[in-house]
Amino acid sequence: MSESKEDFSFFIEKSVLPENLALHVQNWVVQREAGKKPSFLKQDEINHLAFLAVTCLRQKALGLQKVNSWSPLLPVLENWVIQRGAGETPTKLTEWDCQDFVRLVLKALTSPIYVSAKEEEPSLPEKAEAEDPLHLLRQHLLLGL
């Protein structure tokens, strides 16, 4: 995956990662800092988790971090205390959680991304275009066919 913000935004918008991540953490109540009131995760926090998980996977795939390192997930989220479900004892974010996040990224990467076709219809060719023997080839390349 490219480092480009546009690529990441496209991936987040079109992939199943945000949905799957939201389902994974839907019952989590998180205290982000000591003394702060715990609450459920908001969509922007879920998107940030997705970004961190993608970055972590990318760094691992490229060998940019130590084998047992879960950077940037654990360092950024090390202060979080999470109650994963009703009646469960709150704990810190663990390596298991990081592994789950990365598994969700891998699942999203292996799921198809459907992009709807552009809604504009090509206009009829003008006479000069109709006489160009490569006009259809150029149109196909422009439309990505």
Side-chain angles (χ1 to χ4, degrees), residues 1-125 129 132-145:
M1 177 169 240
S2 171
E3 289 183 71
S4 167
K5 260 188 163 176
E6 293 167 356
D7 289 345
F8 179 75
S9 296
F10 177 82
F11 178 67
I12 288 299
E13 287 174 21
K14 304 294 181 186
S15 78
V16 296
L17 181 59
E19 289 174 39
N20 290 347
L21 196 51
L23 285 173
H24 182 74
V25 299
Q26 71 183 349
N27 295 323
W28 286 18
V29 177
V30 180
Q31 182 179 24
R32 291 148 190 85
E33 297 176 29
K36 298 278 184 170
K37 184 179 177 184
S39 64
F40 291 103
L41 290 170
K42 298 176 210 129
Q43 189 59 49
D44 63 326
E45 292 173 309
I46 291 171
N47 289 344
H48 187 64
L49 272 177
F51 174 77
L52 293 174
V54 168
T55 303
C56 183
L57 177 62
R58 181 184 169 279
Q59 289 179 358
K60 284 189 170 297
L62 296 176
L64 300 175
Q65 61 178 249
K66 295 177 187 173
V67 174
N68 294 326
S69 174
W70 288 99
S71 177
L73 281 165
L74 280 179
V76 172
L77 308 173
E78 67 186 347
N79 294 325
W80 282 20
V81 177
I82 303 162
Q83 183 176 10
R84 288 164 180 77
E88 292 188 25
T89 304
T91 61
K92 294 265 189 186
L93 193 77
T94 66
E95 286 186 19
W96 295 107
D97 295 314
C98 295
Q99 289 174 1
D100 287 341
F101 295 151
V102 169
R103 279 188 200 100
L104 290 171
V105 173
L106 289 170
K107 183 177 179 182
L109 287 171
T110 58
S111 300
I113 294 178
Y114 299 101
V115 180
S116 61
K118 293 182 182 178
E119 293 191 20
E120 354 173 312
E121 291 189 26
S123 60
L124 292 174
E129 292 174 338
D132 180 6
L134 298 177
H135 173 70
L136 284 177
L137 177 61
R138 287 190 187 97
Q139 288 297 88
H140 283 300
L141 290 174
L142 285 174
L143 296 174
L145 301 175

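Everything numeric here is computed off the predicted structure, so don't read it as measured data.
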Under the side chain to side chain contact (heavy atoms under 4.5 Å, CB included) criterion, do Gln26 and Phe40 qualify, and how do the steps go?
CA-CA 7 Å; Gln26 71 183 349; Phe40 291 103; over 6 Å; no
Can any side-chain N or O of Asp97 pair as donor or acceptor with the backbone N or O of Thr94 at less than 3.5 Å?
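Answer holds: yes.
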Under 3.5 Å, side chain of Gln83 to main-chain N/O of Val29, donor-acceptor pair present?
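No: the side chain of Gln83 does not pair with the backbone of Val29.
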Could you give the side-chain donor-acceptor pairs of residues 45-52 under 3.5 Å, partners two or more places apart or in another chain?
residue, atom, partner, partner atom, Å
Glu45, OE1, Arg32, NH2, 2.9
Glu45, OE1, Lys42, N, 2.9
Glu45, OE2, Arg32, NE, 2.4
Glu45, OE2, Arg32, NH2, 3.3
Asn47, OD1, Gln43, NE2, 3.1

Can you tell me how far the [atom1] atom of [X] sits from the [atom2] atom of [Y], to the nearest 0.5 Å?
| X | Y | atom1 | atom2 | answer |
| --- | --- | --- | --- | --- |
| Leu109 | Leu57 | CG | CG | 6.5 Å |
| Thr89 | Ile82 | OG1 | CD1 | 13.5 Å |
| Lys92 | Leu74 | NZ | CG | 10.5 Å |
| Lys107 | Arg103 | NZ | CZ | 12.0 Å |

Within-4.5 Å side-chain heavy-atom neighbours: Val30 and Leu41
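When only atoms from C-beta onward are counted, Leu41 and Val30 do touch, with a gap below 4.5 Å.
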Are any non-hydrogen side-chain atoms of Cys98 and Cys56 less than 4.5 angstrom apart?
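When only atoms from C-beta onward are counted, Cys56 and Cys98 do not touch, as no gap falls below 4.5 Å.
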Would Gln59 and Thr55 satisfy side chain to side chain contact (heavy atoms under 4.5 Å, CB included), going step by step from the backbone distance to the final call?
CA-CA 6 Å; Gln59 289 179 358; Thr55 303; 3.7 Å; yes
Mutual orientation of the aromatic rings belonging to Phe101 and His24 [parallel < 30°, tilted 30-60°, perpendicular > 60°]
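Ring orientation of Phe101 relative to His24: perpendicular.
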Closest non-hydrogen atom pair, Leu73 against Ala53
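So the minimum-distance heavy-atom pair works out to CD2-N, 4.0 Å.
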Please list all pairs passing the side chain to side chain donor-acceptor pair (under 3.5 Å) test where one or both residues lie in residues 73-82, with sequence neighbours left out.
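Side chain to side chain donor-acceptor pair (under 3.5 Å) check on residues 73-82 returns no pairs.
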